[in-house]
Amino acid sequence: MNALRLAVLLLGLTGLAQAGAAETFTNPVFRSQDPWITRVGGVYYYIESGCGVADICVKRSRSLTGLASAPWIGVWTHHADTDSNGRDIWAPELHFIDGRWFIYYAADDGDNNHHRLFALVSSGTDGQLGTFREADTGLPHGQLVESSGHWAIDPNVFMAADGKRYLTWSCTNQADSTFPQRICLARMRDPLTLGRTAFISTPARAWETRGAAIQEGPVGYTRHGRTYITYSGSASWVANDYAVGLLSLRPGADPLQASSWRKRGPIFDRHGRVYGPGSVVFVPSPDDRQYWNLYHGIDRLDCTPAYDCRDIRMQQMFFDAHGAPMLGYPVDPGVALARPSGEGGDGPRRLQARPFGPAWGDAAEGHPQAGQVVGAWSYPKGLSALSALGGAWDQAFRRSNPNAPDLHTHVEVAMQAKGTTQAFPKYGIYCAYDDARNHAEMFIDPVYKVLATHAVVHGRDQGWRNTPLPSDFDPAAWHALDCRKHGESFTFSVDEGHDDQVEQRRTVSLVNGQPGLVVVDVRAAYRHFHASNEAADDAVSDP
């Protein structure tokens, strides 16, 4: 029995890796890059190339954190270096389709200009992986027949909202690897046969052209009847360049038309001590109560090329009402995170309040010690967010994309009662909350009847600025608060568009952030919340 067959046999016989008893884990989880994970029959399968055991390897575990200790099992190795799939084997994906396992990957003969897409098919039955061989596609070594014949990497297979299966990948305009790298899409007639190739997106925005014009690592999925493709943009070899974007298919539109897709981004970007986050893939927790984002990232800026220092991280993620991903920020290494739901143990308890609705919660920074939901917030019908009378800044944050440089936040608010513990009670909104050391906010001060703004940048207090409100201003009445952020320029308004509008402008050196609600020693009600990144057609709302 050769080593490869023995390894595959062991894959079927070895007990599946389990998570340890600890209730928390920290990132990074293990060394790898270009993650792909799928779950079949309650088992997570993680795949990569170049693990040291074979060209393509698999980990198995019944828990997500258990992947860290699960052994690598080799499932396929090329025949000869001179073969068209003999070198530079990149970003394999494992898919269970119509009762059989398939692996899709990119490879070349040692010349990157020759990168193309390939497939392997398993001999396994009844869900077993079995042994893998080059698929019979009509081209040597299982190369997929793709109509453009252009350079190609990073294949991904997914089902769209129209009920049809598609292959998406990163492609160029020509046969070689000359930039730009774009996103291609083709309908699959069967697991090994592609229809015509369509070019659906080209890198053009600043965040996807850092270092080089690149869109790669696409992953498609469908949620709530809508189809999305996440992808990574910019130069992968520069640690501080890589970021994640999103393509959204317009409902009912033809997926093979570029005009059918709208682009947002970045939806996941460098933050804190994490650089180059990318290649996101979403997977449910063992009990299906949560979704988790697996991605690769880097902790240092001095690694050249940057992708040599990548490792795998994971953190909980959310979806908005339409199914678009809300990823927040990559959590710094070493921060204790609760294990995924269903792994045993609920992890550390953050300071929580009464239920405040699924769209609201902690700050995106992901640090348990900062940006918590504090105060007794509730979420009755129609968004009446009620905060208990307290002395601290009571706050709650809207789950949204915190990476957008431009943001417009609107809400209506009315004071219901003042407390007695603070000399300066106030209520308002966070215009941009990046983390505990970087934020900007606006308040109504009902005692001095002023619009008060405040900011902290890099931990340094930027001071308060006050603008008088009308003399007949009634704090108990509903008033509109609007904050418009364009880069570092902030415009704060009370009752925008009315004759008695009050406005204040100031410059605050905040790159990004998310909106939120904040009160100090006041009970207030909020309604008609809306936050949008107008430049990217990205918005969240509540009644």
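Computed from a prediction, not measured in an experiment: that's the story for all the values here.
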Out of curiosity, [X] [atom1] to [Y] [atom2], how far, rounded to the nearest 0.5 Å?
X: Arg196; Y: Arg187; atom1: CZ; atom2: CZ; result: 8.5 Å
X: Ile47; Y: Trp76; atom1: CD1; atom2: CH2; result: 11.0 Å
X: Arg116; Y: His141; atom1: CZ; atom2: NE2; result: 14.5 Å
X: Ile200; Y: Ser259; atom1: CD1; atom2: OG; result: 11.0 Å
X: Asp288; Y: Arg39; atom1: CG; atom2: CZ; result: 4.0 Å
X: Cys184; Y: Phe199; atom1: SG; atom2: CZ; result: 4.5 Å

State, with a plain yes or no, whether a side-chain heavy atom of [X] is found less than 4.5 Å away from one of [Y].
X: Pro325; Y: Ile267; value: yes
X: Leu120; Y: Ile56; value: yes
X: Ser532; Y: Leu407; value: no
X: Met188; Y: Val157; value: yes
X: Tyr166; Y: Lys164; value: yes
X: Phe268; Y: Val280; value: yes
X: Val145; Y: Thr193; value: no
X: Phe25; Y: Met314; value: yes

Taking atom CG as the centre, does Asp136 end up with more than 12 heavy-atom neighbours from other residues, nucleotides or ligands that are less than 6.0 angstrom away?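 Count not over threshold, so no.
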Any donor-acceptor N/O pair, [X] side chain to [Y] backbone, under 3.5 Å:
X: Ser234; Y: Thr209; value: yes
X: Trp261; Y: Pro255; value: yes
X: Ser201; Y: Ile183; value: no
X: Glu146; Y: Ser148; value: yes
X: Glu343; Y: Leu64; value: yes
X: Lys59; Y: Leu67; value: yes
X: Asp109; Y: Gly86; value: no
X: Thr168; Y: Asn156; value: no
X: Thr137; Y: Gln143; value: yes
X: Ser260; Y: Asp254; value: yes

Evaluation steps, side-chain contact (heavy atoms from CB on, under 4.5 Å), between Leu246 and Ile229: CA-CA 6 Å; Leu246 180 71; Ile229 296 176; over 6 Å; no
Using the six-membered ring of Phe319, assess whether NZ or CZ of Arg223 lies under 6.0 Å from its centre and within 45 degrees of the ring axis.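 So Arg223 does make the cation-pi contact.
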Residues [X] and [Y]: side-chain donor-acceptor under 3.5 angstrom:
X: Arg264; Y: Asn401; result: no
X: Gln181; Y: Thr172; result: no
X: Asn85; Y: Tyr105; result: yes
X: Thr77; Y: Asp55; result: no
X: Tyr242; Y: Glu208; result: no
X: Asp434; Y: His271; result: yes

Go through Tyr46 and Ser32 one step at a time and tell me if the side-chain hydrogen bond (donor to acceptor under 3.5 Å, both in side chains) criterion holds. CA-CA 10 Å; Tyr46 180 94; Ser32 183; 2.8 Å; yes
Evaluate the criterion side-chain contact (heavy atoms from CB on, under 4.5 Å) for residue pair Tyr329 and Gln315; output intermediate values, then yes/no. CA-CA 10 Å; Tyr329 296 126; Gln315 62 195 63; 5.7 Å; no
If you measure from the Lys or Arg side-chain nitrogens to the Asp or Glu carboxylate oxygens, is any gap between Arg313 and Asp332 under 4.0 Å?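 Asp332 and Arg313: not salt-bridged.
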Taking the six-membered ring for Trp and the full ring for Phe, Tyr or His, determine whether the centres of [X] and [Y] are under 6.0 Å apart.
X: His115; Y: Trp90; result: yes
X: Phe282; Y: Tyr291; result: no
X: Trp101; Y: Tyr45; result: yes

Give the C-alpha distance, both sets of side-chain angles, the deciding distance and a yes or no for side-chain hydrogen bond (donor to acceptor under 3.5 Å, both in side chains) between Gln290 and Ser341. CA-CA 7 Å; Gln290 300 172 339; Ser341 177; 4.6 Å; no
Dump the intermediate steps for salt bridge (Lys or Arg N to Asp or Glu O under 4.0 Å) on Arg310 and Asp34, then the final yes or no. CA-CA 9 Å; Arg310 286 171 170 168; Asp34 297 330; 3.7 Å; yes
Tell me whether the rings of His95 and Tyr104 are parallel (<30°), tilted (30 to 60°) or perpendicular (>60°).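 Ring orientation, 0 to 90° scale: perpendicular.
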So, for Gly220 and Phe158, which heavy atoms are closest and what is the spacing to 0.1 Å?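 Taking every non-hydrogen atom into account, O-CB, 3.2 Å.
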Taking all atoms of both residues into account, what is the closest heavy-atom pair of Val274 and Pro333, and its distance?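 Closest heavy-atom pair between Val274 and Pro333: CG2-CD, 3.9 Å.
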Full working for side-chain contact (heavy atoms from CB on, under 4.5 Å) between Arg262 and Arg250: CA-CA 7 Å; Arg262 69 174 186 177; Arg250 300 183 187 279; 3.8 Å; yes
